[in-house]
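Worksheet: the structure to be examined is printed underneath.
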Amino acid sequence: RTSEDSEEEDPLQRQPGPVAVDRLKVVKAAWLLAGGPVRQPWFSQNGPRRDVLTRLRAGLREFAVKGVQCPPGLQEAVLAEKFAFRACMSRFGLCWRTAKQRLSRSA
């Protein structure tokens, strides 16, 4: 398989990089606001879209691994082909500003 084949199989790979980062931000906000441990290796928003999406999926898996409560439907929402950051944050009652404050207080 080539990387082009992978991109065709994963519709998220065809979306702009900033959209991948927004998806990751939703997962990070849900994690932080549910009381998940603050420093996680999957939190980085930097790098190629492929790497951001890999970290997004790792973050989703970590909810179960670490016993952090994941809002019902969050995984489906952040992995859906159609995605809007503000609408997704609102749907799950998340606030990126509050999540960032929790992150910065732990620094």
Heavy-atom closest pair, residues Cys88 and Val78: SG-CG1, 4.2 Å
Taking every non-hydrogen atom, the tightest pair across Phe92 and Pro71: CD2-CB, 3.7 Å
Below 4.5 Å, heavy atoms only, C-beta onward: do [X] and [Y] meet side chain to side chain?
X      : Y     : value
Val27  : Phe63 : yes
Leu103 : Arg39 : yes
Val26  : Met89 : yes
Lys100 : Lys28 : no
Arg14  : Glu81 : yes
Leu60  : Leu79 : yes

Determine whether a donor-acceptor pair (N or O, by modelled atom type, separation under 3.5 Å) exists between the side chain of [X] and the backbone of [Y].
X     : Y     : result
Arg55 : Ser44 : yes
Arg49 : Gln15 : yes
Arg23 : Pro18 : no
Thr54 : Arg50 : yes

By side-chain contact (heavy atoms from CB on, under 4.5 Å) - contacts of Gln40 (at least two apart): Trp31, Pro37, Trp42, Phe43, Glu62, Lys66
Is there a side-chain contact (heavy atoms from CB on, under 4.5 Å) between Leu12 and Phe83? Walk through the geometry before answering. CA-CA 10 Å; Leu12 303 186; Phe83 172 84; over 6 Å; no
Is it true that atom CD of Gln69 has more than 12 heavy atoms of other residues, nucleotides or ligands lying nearer than 6.0 Å? no
Set out, in order, the CA-CA distance, both residues' side-chain angles and the distance that settles side-chain contact (heavy atoms from CB on, under 4.5 Å) for Leu33 and Arg102, then state yes or no. CA-CA 8 Å; Leu33 298 175; Arg102 180 159 190 262; 5.5 Å; no
Going by an N to O cut-off under 4.0 Å, is there a salt bridge joining Arg57 and Asp10? yes
